[in-house]
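What follows is a single structure, written as structure tokens, with notes after it.
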Amino acid sequence: MKKLERNDPCWCGSGKKYKQCHMRLDEKIKTFELEGHMVPDHSMIKTREQIEGIRESGKINVAVLDYVAEQIHAGMTTEEIDRLVEEKTREYGAIPAPLGYEGYPKSVCTSINDQVCHGIPSEDVVLKEGDIVNVDVSTIYKGYFSDSSRMFIIGRTTPEKERLVRVAKECMEAGIAQVKPWQFLGDMADAVNSHAKANGYSIVVDIGGHGVGLEFHEDPFVSYVAPKGTEMLMVPGMVFTIEPMVNAGTEDVYVDEADDWTVYTDDGQPSAQWEVTIAVTEDGYELLAW
Ligand code: MF3
Ligand code: CO
């Protein structure tokens with residue numbers, strides 16, 4: 001690739017000169033790279049316009065989850081949740097991102113109790129009092145992707161499951177608090193993992209978060225178990241998910257062989273997950289979907 005000169009048009013397509021656009025940012029990134037750190041390439045740094053697009057997509061994602069929150073109740077099937085998500089998303093002129101994604105058959109993921117993620121909505125699965133369920137919604141709007149999920153407690157549950165749901169949310173929030181430019185994804189991960197461990201829980205290692213925005217799943221892979229100072233440098237314009245899966249027992253998981261999607265905990269103990277789409281800004285972060 002030809003080195004950009006100061007007066008060349010910027011790589012981001014703004015039409016501005018490189019020196020008046022992303023040049024300083026690129027120079028700063030370079031210093032971290034020379035120190036041996038992992039740094040994002042240009043494809044991972046969104047422009048203002050792209051972030052605006054993801055923000056609009058995220059608003060729909062949030063509205064769909066708010067709608068699910070109003071409607072979810074004991075006795076309903078997860079198939080009904082799928083229908084709610086599908087209909088609400090279409091009402092906004094958007095597309096449910098999961099539908100047809102790598103052959104995924106539904107518009108949303110619904111993961112109950114010891115299901116860690118990627119549970120497939122079904123007419124045969126009825127929500128019952130005491131269940132804890134993750135509803136994971138992802139939206140495509142005008143070509144922009146957003147992704148967030150929440151836990152719902154059906155009626156009243158055990159103190160153990162209630163604590164798991166609460167701590168899983170706190171883990172995500174601890175991660176969010178560490179999102180600042182020129183820190184590392186490992187700083188965020190360490191905050192998540194430390195909070196889980198302090199509460200006697202484990203974080204799933206093999207499945208993580210991801211860049212998001214122009215596609216459903218982009219680089220980088222986002223770990224929630226990495227040590228401080230490791231993993232990729234966070235740079236303004238990066239957009240990714242924070243979505244740690246928090247297990248009451250072992251971190252080990254397996255994929256259901258029958259449907260090839262649903263992930264379960266190995267020991268049958270419950271798992272909880274909350275997810276946001278977050279952008280790194282000049283001075284911290286902006287939540288784009290929650
Ligand atoms: N929304 C999930 C995530 O957070 C992805 C689900 S993949 C699908 O990455 F195919 F099930 F949609
Ligand atoms: Co995600």
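Counting starts at 1 for both ligands and their atoms, in listed order.
Looking at M188 and Q183, their side chains never come closer than 4.5 Å, going by heavy atoms from C-beta outward. At a threshold of 4.5 Å between non-hydrogen side-chain atoms, the residues Q50 and Y144 count as touching.
Residue contacts with ligand 1 for C109 involve side-chain atoms from C-beta outward but no N, CA, C or O (heavy atoms, distance under 4.0 Å). With a heavy-atom cut-off of 4.0 Å, H210 touches ligand 1 through its side chain alone. Contacts between D147 and ligand 1 below 4.0 angstrom, taking non-hydrogen atoms only, involve the side chain exclusively.
Relative ring orientation between H42 and W11 is described as parallel, the plane-to-plane angle staying below 30° on a 0-90° scale split at 30° and 60°. Ring geometry, H118 versus W261: the interplanar angle exceeds 60°, so the pair is classed perpendicular (tilted spans 30 to 60°). Between F184 and F32, the ring planes lie perpendicular to each other; the angle is over 60°, past the 30° to 60° tilted range.
Here the heavy atom of the protein found nearest to atom 10 (F) of ligand 1 is Y101 CD2, 3.2 Å. Looking at atom 12 (F) of ligand 1, its nearest protein heavy atom turns out to be P98 CB, 3.0 Å. Looking only at protein heavy atoms, the nearest one to atom 2 (C) of ligand 1 is D136 OD2, 3.3 Å. Of the protein's heavy atoms, H217 NE2, 2.8 Å lies nearest to atom 9 (O) of ligand 1. Nearest protein heavy-atom neighbour of atom 4 (O) of ligand 1: E243 OE1, 2.8 Å.
Here the angle at the Co ion (ligand 2) defined by OD2 in D147 and OE2 in E243 stands at 160°, rounded to 10 degrees.
Going from atom CD1 of I154 over to atom NZ of K128 covers 10.0 Å, rounded to the nearest 0.5 Å. Between N193 atom CG and H195 atom NE2 the span is 11.5 Å, to the nearest 0.5 Å.
Numbered from 1 in the order shown, with element, the atoms of ligand 1 that lie under 4.0 Å from a heavy atom of F216 read 1 (N), 5 (C), 12 (F). Interface atoms of ligand 1 facing S138, defined by a heavy-atom separation under 4.0 Å, are 1 (N). Taking every non-hydrogen atom of W261 and a distance limit under 4.0 Å, the qualifying atoms of ligand 1 come out as 10 (F), 11 (F). Under a 4.0 Å criterion applied to the non-hydrogen atoms of H118, ligand 1 contributes the atoms 5 (C), 6 (C). Near E275, the atoms of ligand 1 lying under 4.0 angstrom from a non-hydrogen atom of the residue are 4 (O).
Using a cutoff of 4.0 Å between basic side-chain nitrogens and carboxylate oxygens, R156 and E162 are not scored as salt-bridged. Using a 4.0 Å cut-off between a side-chain N of Lys or Arg and a carboxylate O of Asp or Glu, K197 and D190 do not qualify as a salt bridge. Of the charged side-chain nitrogens involved, none lies within less than 4.0 Å of a carboxylate oxygen, so that K88 and E70 do not count as a salt-bridged pair.
Not a single heavy atom of E102 sits closer than 4.0 Å to an atom of ligand 1.
When distances to the Co ion (ligand 2) are checked against a cut-off of 2.8 Å, E275 contributes an N, O or S atom below that limit. Using a cut-off of 2.8 Å, one finds that H210 contributes an N/O/S atom close to the Co ion (ligand 2).
Note on V276 and V165: same hydrophobic cluster, where clusters join Ile, Leu, Val, Met, Phe, Trp and Tyr whose side-chain heavy atoms are under 4.5 Å apart, directly or indirectly.
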